Number of protein chains: 2
Amino acid sequence: MNELHVLTTGEAARYCGVNFRTVIRWIERGQLKAYKLPGRGDHRICVEDFVGFLRDNAMPVPSELAVASRKVLLLTSDPAIAGAGRQALQQSGCEVDVAGDSFIAGTLMAACKPAMLLIDGNMSQLNSFQILDHLRSRSEFANVHALVVAPSGDQEQQRWLEAGADAVVTSPVDRNELVAKVKLLLEI
Amino acid sequence: MNELHVLTTGEAARYCGVNFRTVIRWIERGQLKAYKLPGRGDHRICVEDFVGFLRDNAMPVPSELAVASRKVLLLTSDPAIAGAGRQALQQSGCEVDVAGDSFIAGTLMAACKPAMLLIDGNMSQLNSFQILDHLRSRSEFANVHALVVAPSGDQEQQRWLEAGADAVVTSPVDRNELVAKVKLLLEI
DNA sequence: GGTATAGTTGACAGGTAAGACAGGTTAAAT
DNA sequence: ATTTAACCTGTCTTACCTGTCAACTATACC
């Protein structure tokens with residue numbers, strides 16, 4: 001079998017318990033994104049697209065595919081937060097990438113395709129609102145969850161939520177609270 | 001990994017999620033251009049041919065293979081530089097995207113696939129060295145030129161070049177100098 | 001409740017590309 | 001120079017594609 005970053009129609013069909021013909025119809029109708037091979041016109045479906053499709057339609061996501069959707073990108077320049085966050089998230093089943101710089105985090109959004117971006121709002125040089133705004137304005141990030149660690153002393157969590165965050169945790173971070181919110185958002 | 005100008009059948013196969021035998025059949029059928037090595041008859045596919053093939057068949061093009069265009073991504077939070085830079089670059093035949101935030105710039109590296117990143121080193125909250133280091137350490141950006149506008153008063157251009165910049169212009173920016181260096185790097 | 005209708009899915013068949021496997025060889029890495 | 005990993009060819013098997021038709025589901029209507 002191939003490397004699991006693309007699926008054939010048959011594989012996709014088996015994953016959701018339907019006939020392969022049905023999967024092809026979803027593709028033809030534009031509900032499921034796929035591309036075609038030149039020869040016979042075989043379809044190939046990127047796993048991310050497939051998982052997104054399943055989510056959109058409230059269908060169960062197979063665990064072996066969900067791995068790809070348990071990636072969290074942690075943006076913080078604080079080594080303590082990076083270390084603690086990475087450990088906590090990994091223990092709850094996530095794959096974690098850490099970026100200490102926002103440009104790097106931006107490039108990793110495309111390279112690693114995380115399912116969640118965890119922003120450390122304490123980073124002095126960071127304009128978290130701008131980031132949230134950008135995320136919410138671009139369709140390729142529509143399915144990426146955003147979780148913000150509110151800066152110390154900040155009480156107005158509502159602002160973050162309005163700006164596009166899916167959830168907020170207060171600083172200093174309570175480990176259990178963080179893990180719980182991540183699990184909730186990623187449906188682990 | 002080799003120099004990314006040519007691909008083997010195996011690499012091409014992995015890129016599009018098929019068996020290498022299939023890639024060979026595409027070549028035999030004349031759908032994909034390739035040449036053969038004398039020894040075993042290994043196929044080598046020029047990246048441009050491969051990308052053209054992918055485009056022709058509406059298949060996704062991996063970002064690290066995207067052909068360099070005349071797109072320039074300008075990273076600056078200074079509206080004056082953004083405006084002047086955009087104008088100067090457009091007049092010399094470039095397509096220009098401007099990002100005022102480094103996270104956004106990072107995401108645009110993948111979304112817009114610029115051939116050059118122009119960094120305003122005057123941005124206070126920017127760690128240009130970290131950005132250059134990241135660019136040079138990741139293969140998908142190997143072909144992206146980096147041009148730095150050195151901060152006012154900074155005389156040590158050498159530092160930037162060592163960090164990975166392809167060229168440096170001093171601040172305040174001389175329009176002609178900027179245009180000349182961009183044209184040189186992009187071979188316009 | 002029963003029936004008609006539209007829309008969706010599954011089944012089947014014929015054709016064909018794609019994948020798997022094996023044995024041999026070379027290119028590349030060390 | 002040696003080892004390792006990858007590629008090539010040929011053959012056989014598997015699985016996907018298209019088209020058509022029947023069966024099922026949901027909804028609306030009587």
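Just so it is clear, the structure is predicted and the values come from calculations on it, not from any experiment. Letters A, B, ... are given to chains in the order of the sequence lines, protein chains preceding strands, and every chain is numbered from 1.
- Taking a cutoff of 4.0 Å between a charged side-chain nitrogen and a carboxylate oxygen, B:E95 and B:R70 do not qualify as a salt bridge.
- Rounded to whole angstrom, the span from the CG atom of A:D42 across to the C1' atom of C:dA18 amounts to 7 Å.
- Contact annotation: A:K36 does not reach the phosphate of C:dA18 (side-chain N/O to OP1 or OP2, under 4.0 Å).
- Atom-to-atom, CZ of A:R44 to P of D:dA15 comes out at 13 Å; the value is rounded to the nearest Å.
- Using modelled atom types, no side-chain atom of A:K181 and backbone atom of A:A167 make a donor-acceptor pair closer than 3.5 Å.
- Using modelled atom types, one side-chain atom of A:D78 and one backbone atom of A:A80 make a donor-acceptor pair closer than 3.5 Å.
- Going from atom CZ of A:F20 over to atom C1' of C:dG10 covers 10 Å, rounded to whole Å.
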- Task: Using the side chain to side chain contact (heavy atoms under 4.5 Å, CB included) rule, take A:D56 and A:F53 through it: C-alpha gap first, then chi angles, then the decisive distance, then the call.
- Result: CA-CA 5 Å; A:D56 289 346; A:F53 171 81; 5.6 Å; no
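- What separates CD of B:E11 from P of D:dC7 is a distance of 7 Å, to the nearest Å.
- For the helix from C:dG1-D:dC30 to C:dT30-D:dA1, the terminal axes (five pairs an end, C1' atoms, rotation from four pairs onto the next four) enclose an angle of 60°, given to 10 degrees.
- Checked by atom type and distance alone, the side chain of A:N19 pairs as donor or acceptor with a backbone atom of A:R21 at under 3.5 Å.
- Residue A:H43 places none of its side-chain N or O atoms closer than 4.0 Å to OP1 or OP2 of D:dC16.
- When rounded to the nearest whole Å, the span between CG of B:N19 and C1' of D:dC12 equals 14 Å.
- Rounded to a whole Å, the CZ atom of A:R40 is 6 Å from the C1' atom of D:dA15.
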- Kindly indicate, with the supporting measurements, whether the criterion salt bridge (Lys or Arg N to Asp or Glu O under 4.0 Å) is fulfilled by A:D166 and A:R136. CA-CA 11 Å; A:D166 293 300; A:R136 293 310 168 222; 3.1 Å; yes
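- Taking 4.0 angstrom as the limit, B:T9 places none of its side-chain polar atoms (N or O) nearer than this to OP1 or OP2 of D:dA6.
- Taking atom CZ of A:R14 as the reference point, atom P of C:dT9 lies 18 Å away to the nearest angstrom.
- Between the side chain of A:R44 and the backbone N or O of B:G17, at least one donor-acceptor pair lies under 3.5 Å.
- The shortest distance between side-chain heavy atoms of B:C94 and B:L186 falls below 4.5 Å.
- Contacts between residues 22-30 of chain B and DNA chain D, counted as heavy-atom distances below 4.0 Å, involve B:I24, B:R25.
- As rounded to whole Å, 13 Å separates atom C1' of C:dT16 from atom CD of B:Q31.
- Not a single donor-acceptor contact under 3.5 angstrom links the side-chain atoms of B:R21 to the base of C:dA17.
- No donor-acceptor pair under 3.5 Å is formed between the side chain of B:H43 and the backbone N or O of B:A34.
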